[in-house]
Amino acid sequence: SNDDDGNYQAQTCVKSGYVTGASHYVIKVASGGHPFPNNSGLMQLYSQSTGKLETILLDEGILTELRTAAVGALAAQLLAPSVL
């Protein structure tokens with residue numbers, strides 16, 4: 001499917017995570033948007049000492065959905081009034 005101009009509305013986001021002194025770092029790639037019905041994505045695990053790719057996890061966006069849900073729950077817990 002296309003929008004009214006015939007253009008796709010899909011997007012891809014790339015994020016990384018790095019902890020000083022850890023053995024590995026991670027790069028997360030997540031894509032989605034119109035016309036895709038669901039998220040898609042993967043995680044890449046690299047050695048911090050060699051920079052070599054060691055693992056690819058094809059999670060199809062499940063980790064992105066879990067992270068979004070966890071952050072939403074944490075924000076609600078921290079920011080919601082104590083009495084509703």
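Nothing here was measured: the structure is a model prediction, and the numbers come from that model.
In this structure, G41 and D59 approach most closely via the heavy-atom pair O-OD1, 3.0 Å.
Hydrophobic clustering keeps L58 apart from L66 (ILVMFWY residues linked when any side-chain heavy atoms are closer than 4.5 Å, directly or through intermediates). In the hydrophobic clustering of this structure, V19 does not group with V26; members are Ile, Leu, Val, Met, Phe, Trp, Tyr whose side-chain heavy atoms approach within less than 4.5 Å, directly or through other members. No single ILVMFWY cluster, assembled from side-chain heavy atoms under 4.5 Å apart, contains both I27 and L57.
Taking CG of L53 as the reference point, atom CG of L45 lies at 8.0 Å (rounded to 0.5 Å). Going from atom NZ of K52 over to atom NE2 of H24 covers 10.5 Å, rounded to the nearest 0.5 Å.
Residues satisfying the side-chain hydrogen bond (donor to acceptor under 3.5 Å, both in side chains) criterion with S49, sequence neighbours excluded, are S47. For Y18, the ring-ring contact (aromatic ring centres under 6.0 Å, His included) criterion is met by no residue, not counting sequence neighbours.
Residue pairs meeting the ring-ring contact (aromatic ring centres under 6.0 Å, His included) criterion with at least one member in residues 65-84: none, sequence neighbours excluded. Sorted by first and then second residue, the pairs that involve residues 46-84 and meet ring-ring contact (aromatic ring centres under 6.0 Å, His included), not counting sequence neighbours, are Y25-Y46. The list of ring-ring contact (aromatic ring centres under 6.0 Å, His included) pairs with a residue in residues 59-79, not counting sequence neighbours, is empty.
The closest donor-acceptor contact from the side chain of Q48 to the backbone of T20 lies at 3.5 Å or more, if one exists at all.
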Side-chain donor-acceptor pairs under 3.5 Å in residues 67-84, sequence neighbours left out?
from: T68; atom 1: OG1; to: T64; atom 2: O; distance (Å): 2.9

Assess the residue pair M43 and L63 against the criterion (side chain to side chain contact (heavy atoms under 4.5 Å, CB included)); give the C-alpha distance rounded to whole Å, side-chain angles, the decisive distance to 0.1 Å, and a yes or no. CA-CA 9 Å; M43 307 276 285; L63 292 175; 3.7 Å; yes
